[in-house]
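A note on names: the letters A, B, ... follow the listed sequences, proteins ahead of strands, and every chain is numbered from 1.
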Amino acid sequence: MSIRNVTQWFKNQELARKLIWINCLLVVVPLVAMGVFTFTSFQGTMEKNVGGYQLQTLKQVTLNIDTYMNELNRLTLMPYQYNEILAYLRSERKPGQPLTLKEIDELNSFVSQVFINGRVDIMGVSLYGERGASYVVLPESQYVTTYKLDESAEWLKQAKGLFGQPIFITTHEVKSTSGMSYEVFSIARELKSFDTGQTLGYIVIDIDPASVRGILTQVNMGNRESLSILDRSGNLVLRKEGYEYPDQPWPLQGEGITQMRENGGDLLIAYFTSKVTGWTTVSTVPVDELMKASDRVRNSIALIGAICIGLAMLTSVFIAFRITKPLRKLSRLMRKVEQGDLQVSFPVANRDEIGRLGYAFNTMVSKLSELGYLLYETEIREKDAQIAALQSKINPHFLYNTLGSISMYAELEGNREIVTMANNLSRLLRYSLSSRKELVTLRDEMEHVKGYMTIQKMRYGERLHFDVDIGAGTMDFAVIPLMIQPIVENAIIHGLDKGIGDGRIRLICREEEAVLSIIVEDDGIGMTETQLDEIRFRLLHDNDLGGKTGNGLLNVHRRIILHFGEPYGLRLESMPFRGLQAILTLPAFRPPQEKLA
Amino acid sequence: MGKKRAFRTMKSGLAIAVLILALGGCVGRGPEAPPAAADAPVIRLEYWTPFSGGDNRFMTEMISRFNKEHDNIRIVQTNSRLDDYYSRLRTAILAGNAPDVAVIHTTSLPQFVQNGYIENLEKPATDIGLDWTAFNPNILKSTVFDGQPYAVPLDTHALVMYYNKTLLRQAGLLGPDDKPVIGAGAKGYIEFLEKIRSAIPADTAPMAQPSTRIDSVWLWWSLYNQMKGGGSFYNEDASRTVIDNAKALEALKYVNGLYRSKLIPPDINDAFKLFYDGKAAVLITGMWGTGAFENAEGLDFGVVPVPVFYDRPAVWGDSHTLTIPANRSMSSEQRKAVMTFAKWMVDNSELWAKAGHVPSMTKAVLSDEFRKLKFRSDYAATANYVAYWPRHVKQWSIVEILIKEFERMNYGQQTPEQTLRKAARLIDAELTS
């Protein structure tokens with residue numbers, strides 16, 4: 001999938017999905033990246049720290065052991081404070097030569113001093129003179145004076161080279177006279193005469209390794225650690241009870257951390273060589289053992305991360321759906337409108353963009369429905385008008401012919417009124433029946449009104465006065481056919497039928513600011529405020545065409561509005577006993593030719 | 001959309017904050033120490049012993065067996081030379097770092113009972129259900145002060161006579177019952193040794209006994225106690241010693257005579273080793289040697305009670321007892337553990353008997369197991385005529401005075417008369433100090 005495809009695919013997703021995808025990207029990616037980065041750097045630091053910590057602990061342990069060793073070392077200096085001991089070491093002795101009581105006392109009290117001043121873990125004290133003297137106290141044994149220095153002993157060679165420095169001898173076994181073996185390590189020192197500078201002998205103190213092992217035991221670097229002390233040549237001095245690993249690569253001298261691969265996994269080896277003993281303390285711990293804590297951290301990070309991401313995603317899904325819900329509803333409503341259901345409304349809860357959109361939608365739907373109604377009404381009215389016209393056309397020629405016959409007979413009889421009446425009626429009929437035009441000129445309409453009034457005058461005689469006041473240039477303006485005649489008829493009914501005496505009807509046409517006003521006044525009894533309000537209300541709100549008085553007015557009003565829109569129409573003014581004024585307002589324009597067809 | 005972005009920012013911000021907090025916490029703490037696995041912490045008890053005669057290996061065995069049987073108690077033994085032991089124990093008690101349990105000889109008990117240096121065991125023993133009546137009354141008596149028990153007696157150990165059967169057979173002194181043929185009384189014993197001397201190589205000792213240390217004092221005390229009217233050490237109120245008397249001198253002269261006649265060769269340091277190596281025909285020492293000699297390769301030996309030199313059987317003897325040195329920091333759990341250990345030790349004293357000692361529990365002495373042990377039953381009766389040192393707060397220091405003076409005598413630096421007189425003077429001085 002190319003990038004464009006992906007982009008397109010994304011663009012085609014639902015809005016909610018888009019939001020979720022984006023959220024996912026914005027939440028999951030940084031969180032995961034952050035988690036991975038943090039953990040990796042944490043792991044790195046941890047590994048380094050753990051190694052450092054390991055080495056630090058080792059140093060601490062070695063220092064502790066060194067302190068202990070220094071304490072022992074001080075004991076090896078004791079012979080220098082006992083001249084009789086130095087004298088004994090200096091003395092020439094034959095093998096098996098017994099000690100005098102004084103010597104026994106001196107040596108015994110010296111060894112007792114070493115034992116008592118030292119720690120409880122001293123197992124034996126040995127004094128060796130260069131010239132055959134010896135005094136060896138081993139555990140559970142009486143002193144022995146027959147032991148000879150083993151000249152080939154490794155430690156002895158070392159001791160000879162080291163003036164003033166003690167030698168630490170790795171763990172070995174000593175046998176008591178009762179046959180028991182004891183494991184000890186020893187500290188040995190070459191003793192010299194201050195005056196001659198010559199070697200007098202050696203003192204060797206044997207120590208139970210348990211106490212040093214005890215120091216090691218206090219260290220805990222992990223469950224599967226191995227802690228041991230090795231001498232200069234890599235021989236084991238002692239080992240903390242517990243795990244054992246294959247031998248470390250040797251030599252390990254100085255201090256440092258190294259790793260070794262073992263079948264089980266990586267081993268972290270830290271080592272530190274004591275400057276006092278020259279022994280190297282070595283700790284071996286499986287790396288994974290040390291990293292257990294960091295594994296826990298990684299798991300917690302993963303868990304917390306997963307929970308956070310889960311929550312975030314849940315919230316984001318919820319919010320995405322919540323936010324797009326009104327949009328989806330709107331789109332559903334629109335589909336309904338598409339299918340022609342205009343009885344829908346979008347509940348507007350707030351004024352955000354969605355709210356405004358919903359409001360606009362509602363307005364649009366209501367406008368749409370209103371427009372639809374108007375269209376519908378217009379069509380009905382026109383159908384009605386046509387039906388009415390067709391009905392009245394049932395036999396118009398018969399009516400014309402009849403009226404023509406009446407006119408002819410009246411002519412023969414010499415009755416001018418009937419002739420006029422019949423001719424006017426015939427014209428009125430023709431106008432009415434033939435007016436399928438939408439618009440006519442005011443002149444045509446006025447012709448019709450005049451014909452009508454001629455007839456009415458013959459009915460009412462001198463009682464009816466009809467004045468026409470047509471403003472200049474208004475005769476060519478477009479009006480709706482049969483628009484004025486009903487108003488005039490209404491004026492006659494109100495002005496003359498209900499009154500007594502003369503009735504005056506005035507028809508005024510004016511053009512002002514592109515508005516054509518046609519005013520029909522009478523001087524009848526007029527209307528009360530209540531009647532007027534009722535008619536005005538009906539004019540405003542009543543679409544009903546049912547038969548009722550004033551339907552003529554209503555009809556005219558609706559037709560004007562249907563044709564020209566809201567501000568135009570019929571208005572009524574009245575004052576009680578001063579007549580009624582009906583004002584028709586229309587836009588002032590000349591009818592286009594095709595509409596006059 | 002703006003609202004939504006704010007939401008999201010807040011969310012991821014929160015998540016990151018949580019992460020950082022979690023990480024920070026972990027980094028700060030560093031590697032964690034694994035939690036202690038054991039539900040009940042192991043009680044570690046320091047146990048001091050003064051064994052030096054070959055019996056220590058049996059003690060070590062018992063301790064490891066005890067430790068194996070008790071998961072929650074771990075006894076850590078420190079064995080010192082007897083020469084330094086009490087000095088060390090006294091210092092430790094005064095320094096407030098005394099061991100949790102220590103072996104103290106009956107002889108030394110008085111000095112530790114004083115000033116409350118060791119604990120009264122009345123209540124701890126009751127708590128653990130230790131039955132005092134099960135002990136040999138003679139031994140038990142030595143641990144009771146003012147009616148209160150202060151120590152759990154482990155054994156009785158007294159002098160016995162070891163003899164090398166090979167050498168005695170050479171001298172024709174081994175009877176058909178494999179027992180030595182010794183003439184009656186002090187004189188008979190000298191003759192016995194003389195006969196041996198004439199029959200064995202010159203580098204082999206007829207009788208081995210070190211010239212130094214306590215051994216000659218033990219022998220003297222045994223002989224002195226065998227005499228009718230002998231064995232008294234102090235006057236009635238223990239303000240002066242009465243050892244400078246004829247009976248004591250007679251016994252001492254006898255001991256000195258053995259050295260002077262070289263029936264005990266001079267300059268012996270380790271008589272035990274000498275006998276162990278087959279270089280001595282007779283050795284009078286404590287019963288603790290039995291176990292060790294049994295383990296000696298090529299040593300054919302026997303044990304009999306020390307012969308009666310004078311009027312009645314009596315030998316020096318002592319008891320090892322288990323005590324709780326006063327230590328402010330001792331908890332009731334530790335105390336209970338110590339008593340558990342002490343009870344176990346006496347209940348299993350047949351193991352200790354293997355070293356050579358006579359168990360302190362009557363039941364153990366009568367047990368088949370003990371009877372089956374070779375030698376032990378031969379000298380078990382010795383426990384009944386043990387001559388303990390008199391009970392005195394300063395007894396151990398006073399014995400040390402005797403040792404010093406006897407050593408001089410053994411080396412020929414003074415006569416028995418001088419020795420007794422000087423010792424008596426020094427002891428009186430010690431008593432009044």
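Of the two parts of A/Val28, neither the backbone nor the side chain holds a non-hydrogen atom closer than 4.5 Å to a non-hydrogen atom of chain B. For B/Glu297, no part lies near chain A; criterion is any non-hydrogen pair under 4.5 Å. With a threshold of 4.5 angstrom between heavy atoms, B/Phe51 approaches chain A through N, CA, C or O but not through any side-chain atom. Neither the backbone nor the side chain of A/Ile307 comes within less than 4.5 Å of any heavy atom in chain B. Contacts between A/Ile104 and chain B at a heavy-atom distance below 4.5 Å involve the side chain alone, from C-beta outward.
Between B/Phe301 and B/Phe293, the ring planes lie perpendicular to each other; the angle is over 60°, past the 30° to 60° tilted range.
Taking chain A as the reference chain and counting heavy-atom pairs below 4.5 Å, the highest number among B/Asn410, B/Asp267, B/Asn56 is found for B/Asn56.
At a threshold of 4.0 Å, the pair B/Lys273-B/Asp277 counts as salt-bridged, since one of the basic side-chain nitrogens sits closer than that to a carboxylate oxygen.
Exactly one of B/Arg213, B/Arg408, B/Lys404 qualifies for a salt bridge (charged side-chain N to carboxylate O under 4.0 Å, His left out) with A/Asp105. That residue is B/Lys404.
The aromatic ring centres of B/Phe58 and B/His357 sit 6.0 Å or more apart.
The CG atom of A/Leu26 sits 10.5 Å away from the CG atom of A/Leu19 when rounded to the nearest 0.5 Å.
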